[in-house]
Amino acid sequence: MNILIIGSGGREHSLGLALKKSKNCDSVFFAPGNTGTAKLGQNLAISETDFSALIKAVKRHSIELTLVGPEGPLVNGIVDHFESHNLTIMGPNKIAAQLEGSKAWAKDKMKSYNIPTAAYETFTEFNDAKSYIESRNVYPIVIKADGLAAGKGVTVATSYDIALNALTECFLDQKFSQAGLQVVIEDFLVGEEASILAFTDGETIIAMPPAQDHKAVFDADKGPNTGGMGAYCPAPIATPEIQEQVLEKVLKPLINGFKKDGILYKGIVYAGLMIAPSGQASVVEFNARFGDPETEVILPKLKTDLIDIFLAVINGTLHHLKIEWDNTTVVGVIMASGGYPGDFEKEKEISGIEAAEEIKNVSVIHAGTKEKNNRIVTNGGRVLCVLGQGNTIQDAIKIAYTGVDKISFKNQHYRTDIGKKAI
Ligand code: AMP
Ligand code: GLY
C-alpha cells in the first residue's frame with residue numbers, strides 16, 4: 001500500500017517510521033516532509049493547505065491511504081475534500097474537527113456530555129468579556145482565543161492587567177484575526193498535565209499509553225510556552241486508575257455524545273488533561289490529531305501493525321482489534337533553534353546525527369530540518385527530537401541525552417530535565 005503523510009514535523013517523521021514497519025507498507029510519501037522523511041520515502045513539494053494539489057498527487061502516485069499530521073487541514077475540511085473524490089483518508093471531517101478548531105464548540109460539547117472540564121463563559125464582545133473578568137476578580141484566570149492560533153492563543157492571566165491585555169489582543173488588536181473574535185474565559189485548573197491520545201472509529205475508542213509533554217521553553221517549566229520541548233511515555237502520573245477514569249468519563253462520553261448528535265468522529269482524539277492532586281482528571285483541551293512531540297515517544301512502543309489500526313479506524317472495525325504496546329519507556333528531547341519560541345535564525349549546519357544514531361536505543365527524529373548543498377541544516381524552531389528507549393525512565397533519559405550530546409548546531413538549545421517529573 002502507498003501512503004501519504006501530510007505535514008513536515010517530528011510527528012510526521014515518526015508516523016513514517018512506524019508505518020514502514022507494517023507488512024502492508026510499500027511506499028510512503030510526505031507533503032512537504034523534511035530531511036528525515038526524505039530518507040524514508042519521497043517528499044512532495046506540496047503545501048499542507050493545497051488540497052487540490054494533494055489530491056492530484058494522491059492519484060498520480062496511486063496512494064491508497066492519506067494521514068494528516070497537523071490540525072490546519074483537518075479543521076479546514078481536508079477529509080471532506082478527499083472523501084468527495086472517493087479517496088481514503090484518516091481523520092475527523094470538518095464538523096468533527098471543530099473539537100480542536102473551536103474552543104467554544106468543544107467546551108459546549110464537553111458541558112453537554114458531562115465531561116469534566118474547567119467552568120467557562122464564551123464572549124464575542126470585548127466589553128462583555130472585560131466586565132466578566134472584573135466581576136469574577138479571581139486570578140489566575142485563563143483566556144483562550146476560540147480558533148486555531150498555532151499554540152499561542154491561550155493566556156494564563158495571573159493579574160487583571162494581563163487578562164485585559166489578552167482580551168485587547170484578541171478583540172481590539174485582532175492578533176489572531178478571526179480566531180480571536182470569540183474568546184473562552186475559563187477557571188484555572190491546578191495539577192499536573194498529561195496527554196492521553198486515542199484511536200476511534202466513531203463507535204469504539206481505544207486509548208494509547210499516557211504521555212507527558214514539556215511545554216515551557218526552559219528547565220523547571222520556566223519561560224514561555226512552546227509547541228513542546230520534550231516528552232516521555234508512559235507517564236506514571238496517569239495511573240491505571242486515572243486512565244480508566246479518562247476512558248469512562250472523558251473518551252467514551254465524547255464518542256457517545258457525538259453519536260447522539262449525529263457527528264461521526266473518526267481518527268485520533270487527543271485529550272490534554274489536568275490531573276488534580278485528588279486524582280480527578282479534567283480536560284484542558286482536545287486536539288483532533290496526533291500530538292507533537294507525544295507521537296514521537298508513543299509510537300516506538302507500538303507492537304500492533306499501524307496500518308491495520310488506521311484501516312480499522314476508517315472501516316469502523318476497531319472493536320475487532322487488540323492494540324498492543326511494549327513495556328519500555330521512551331524519552332524525547334527536542335533540540336531547538338536559539339530564540340525559539342520567539343524569532344530564530346535558520347540554515348545552521350547540524351552535525352553529529354549519524355554518531356547519535358549509532359548509539360544503541362537512540363533514534364533521531366527530524367522536525368525542522370532541510371538539506372542544503374548536501375548538508376543537513378536547521379529549518380524551523382523545533383529542529384530534532386532525540387529519542388532514548390529504555391526499560392526504565394532513568395535509562396531512557398540517560399540514553400536520550402547521550403544522543404543529544406553527540407549533536408550540535410549553532411545556537412542550539414534544549415531542556416536538560418525532560419522526564420525528571422516521572423522520577
Ligand atoms: P490549551 O491550548 O488549551 O491546551 O492551553 C495551553 C496550555 O495552557 C495548557 O497546556 C495549560 O498549560 C494551560 N492551560 C490552559 N487551560 C488551562 C486551565 N483551565 N487551567 C490551567 N492551565 C491551563
Ligand atoms: N504537544 C502539544 C500538541 O501537540 O498540541
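Indexing begins at 1, ligand by ligand and atom by atom, following the structure's order.
Residues Phe82 and Val68 are not in side-chain contact: their nearest non-hydrogen atoms beyond the backbone lie 4.5 Å or more apart. Residues Lys107 and Thr122 have side chains not in contact (no heavy-atom distance under 4.5 Å, counting atoms from C-beta outward). Ile418 places a side-chain heavy atom less than 4.5 Å from the side chain of Tyr401.
Classification of Asp219 and Lys420 as a salt-bridged pair fails, no side-chain N sitting under 4.0 Å from a carboxylate O. Using a cut-off of 4.0 Å between Lys/Arg side-chain N and Asp/Glu carboxylate O, Lys406 and Glu357 are scored as not salt-bridged. A salt bridge is absent between Lys303 and Glu324: the closest approach of a Lys/Arg side-chain nitrogen to an acidic carboxylate oxygen does not fall below 4.0 angstrom. Electrostatic pairing of Lys322 and Asp308 does not count as a salt bridge here, judged by no charged N lying under 4.0 Å from a carboxylate O.
Atom numbering of ligand 1 starts at 1 in the shown order; those under 4.0 Å from a heavy atom of Lys103 are 1 (P), 2 (O), 3 (O). Shown in contact with Met274 at under 4.0 Å from a heavy atom are these atoms of ligand 1, numbered in order with element: 21 (C), 22 (N). Shown in contact with Glu186 at under 4.0 Å from a heavy atom are these atoms of ligand 1, numbered in order with element: 16 (N), 17 (C), 18 (C), 19 (N).
Between Tyr139 and Tyr160, the angle of the ring planes goes over 60°, which puts this pair in the perpendicular group of the 30/60° scheme. Ring geometry for Tyr132 against Phe123 counts as tilted: the plane angle lies between 30° and 60°, on a 0 to 90° scale.
Ligand 1 has no nitrogen or oxygen under 3.5 angstrom from a nitrogen or oxygen of Asn225. At least one N/O-N/O distance between Leu189 and ligand 1 falls below 3.5 Å.
In this comparison of Glu285, Lys144, Lys215, the heavy atom closest to atom 16 (N) of ligand 1 sits on Lys144.
Of the protein's non-hydrogen atoms, the one nearest atom 13 (C) of ligand 1 is Val156 CG2, 4.0 Å. The closest protein non-hydrogen atom to atom 14 (N) of ligand 1 is Val284 CG1, 3.9 Å. Ranking the protein heavy atoms by distance from atom 9 (C) of ligand 1 puts Glu193 OE1, 3.3 Å first. Considering only non-hydrogen protein atoms, atom 8 (O) of ligand 1 sits nearest to Val154 CG1, 3.6 Å.
Heavy-atom distances between Asp187 and ligand 1 reach below 4.0 Å in at least one pair.
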| field | side chain to side chain contact (heavy atoms under 4.5 Å, CB included) between Asp395 and Asn361, worked out | value | CA-CA 10 Å; Asp395 284 350; Asn361 296 326; over 6 Å; no
| task | Applying ring-ring contact (aromatic ring centres under 6.0 Å, His included), run through Phe30 and His13 and close with a yes or a no. | result | CA-CA 9 Å; Phe30 298 85; His13 187 194; 7.5 Å; no
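For ligand 2, the protein residues placed under 4.0 Å by at least one non-hydrogen atom are Asp213, Gly227, Tyr270, Asn287, Arg289, Gly291, Asp292, Pro293, Glu294.
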